[in-house]
There are 2 protein chains.
Amino acid sequence: MADVKATARWKRRLTEYIRAAGGHVTAPRMRVAEVFFSMAGHPGIEELATEVHKRHKGIGNATVYRTMRLLCDSGLAVMREFGDGFARYEARNPEAHHDHIICTHCGKIIEFGEDAIEELQENVTRRHGFLMKSHRLEIYGLCGECLKAER
Amino acid sequence: MADVKATARWKRRLTEYIRAAGGHVTAPRMRVAEVFFSMAGHPGIEELATEVHKRHKGIGNATVYRTMRLLCDSGLAVMREFGDGFARYEARNPEAHHDHIICTHCGKIIEFGEDAIEELQENVTRRHGFLMKSHRLEIYGLCGECLKAER
DNA sequence: CTAAGTGCAAAAATTTTGCAAACTA
DNA sequence: TAGTTTGCAAAATTTTTGCACTTAG
């Protein structure tokens with residue numbers, strides 16, 4: 001919905017960050033970032049590189065790696081769960097919080113937001129005299145397919 | 001404190017798991033597991049392998065990898081954080097599960113267990129077609145003292 | 001123009017695999 | 001004994017690096 005604004009946001013933030021570090025705002029960097037932010041979910045470097053190459057021929061793999069590191073350093077992306085052999089990233093949008101369910105067998109990741117849980121968390125936290133600022137919830141288990149395949 | 005009992009617990013659980021899968025309870029497996037459970041924190045494969053080799057010469061690296069996969073499959077360990085190039089693991093003690101509230105200002109950590117939250121987690125997970133194996137919940141905020149000091 | 005960034009391919013680092021020998025049940 | 005597991009080293013994967021060439025500022 002607020003796609004245009006969101007785009008403007010990362011572009012501006014990334015540019016600022018690069019400039020502040022005395023770096024150059026180059027086309028390859030912006031292209032990789034653009035592809036990354038256009039992808040839903042938690043793309044692995046693998047999928048990301050494939051998509052980048054598909055949309056922009058001639059961008060080297062090393063640039064994809066280097067740009068993702070840049071995005072992480074700038075706080076626009078974070079490295080996430082693991083277990084499938086390559087790095088996965090998630091765009092960081094502080095506005096839209098969500099938690100994760102992760103299949104420990106195939107690595108599938110589901111995002112969810114459960115108000116009831118958030119509320120209980122607030123309660124527990126308050127009960128311990130704390131003021132809740134943020135949280136992180138990860139549930140590990142087996143997804144439907146892997147459960148079936150298990151037998 | 002309950003070290004002896006805890007030891008007995010993973011040993012029994014691991015043995016059960018291996019047997020159930022028609023596998024063999026071998027010395028190398030038990031040795032790797034023993035070293036792993038004796039290490040605090042989130043040892044990386046790297047440190048783990050080093051420690052294993054230090055305490056038991058002649059155990060191959062592949063066995064360390066294979067045993068850690070076994071521990072993960074059996075639910076006695078989970079793969080954790082990333083970002084340093086190799087896999088990290090955390091021992092999971094199903095009996096003594098607890099979540100954390102962490103003060104982002106002074107670093108104080110409170111452990112708590114909230115059945116209602118656990119239940120809701122089960123529900124969400126099931127609703128997404130998953131079977132929950134474990135989870136991790138961390139709440140960040142400010143503790144009472146830091147709140148007072150804040151003004 | 002100068003310093004930073006890029007692409008490529010080679011190197012490094014991490015994890016998995018094949019197989020004969022050793023071992024568990 | 002039959003079938004699993006091991007250790008080793010080789011293979012496969014994933015990530016980083018070196019370097020000549022381009023490009024942003």
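Within every chain, numbering begins at 1; the chains are lettered A, B, ... in the order of the sequence lines, protein sequences first and strands thereafter.
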For atom [atom1] of [X] and atom [atom2] of [N], their distance in whole Å:
X	N	atom1	atom2	result
A:Phe86	C:dA13	CZ	C1'	17 Å
B:Lys57	D:dC8	NZ	P	12 Å
B:Tyr65	D:dT14	OH	P	14 Å
B:Tyr89	C:dT14	OH	C1'	11 Å
A:Arg69	D:dT14	CZ	P	18 Å
B:Leu48	C:dT14	CG	P	14 Å
B:Met68	D:dT6	CE	P	14 Å

Need one value for A:Arg19: base, sugar-phosphate or nothing, where a base atom within 4.0 Å counts as base even if backbone is also close, heavy atoms only. sugar-phosphate
Where the side chain of B:Ser74 meets the backbone of B:Leu71, is there a donor-acceptor pair that is under 3.5 Å apart? yes
Can you confirm whether A:Leu76 sits close enough to A:Phe36 that some side-chain heavy atom of one is under 4.5 Å from a side-chain heavy atom of the other?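 In short, these two side chains do not touch, never coming nearer than 4.5 Å.
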NZ/NE/NH1/NH2 to OD/OE distance under 4.0 Å, B:Arg88 and B:Glu47: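 A salt bridge links B:Arg88 with B:Glu47.
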How would you summarise protein contacts on nucleotides 2-7 of chain C per nucleotide, using B for base, S for sugar-phosphate only and - for none, with heavy-atom distances below 4.0 Å? -BSSSB
Do other residues, nucleotides or ligands put more than 12 heavy atoms under 6.0 Å from the CD atom of B:Glu16?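 Buried by this count: over 12 neighbours within 6.0 Å.
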Check the orientation of A:Phe112 and B:His128. Use parallel for under 30°, tilted for 30 to 60°, and perpendicular for over 60°. tilted
Can you tell me how far the CD1 atom of B:Ile117 sits from the CD1 atom of B:Ile139, to the nearest 0.5 Å?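 CD1 of B:Ile139 is found 6.0 Å from CD1 of B:Ile117.
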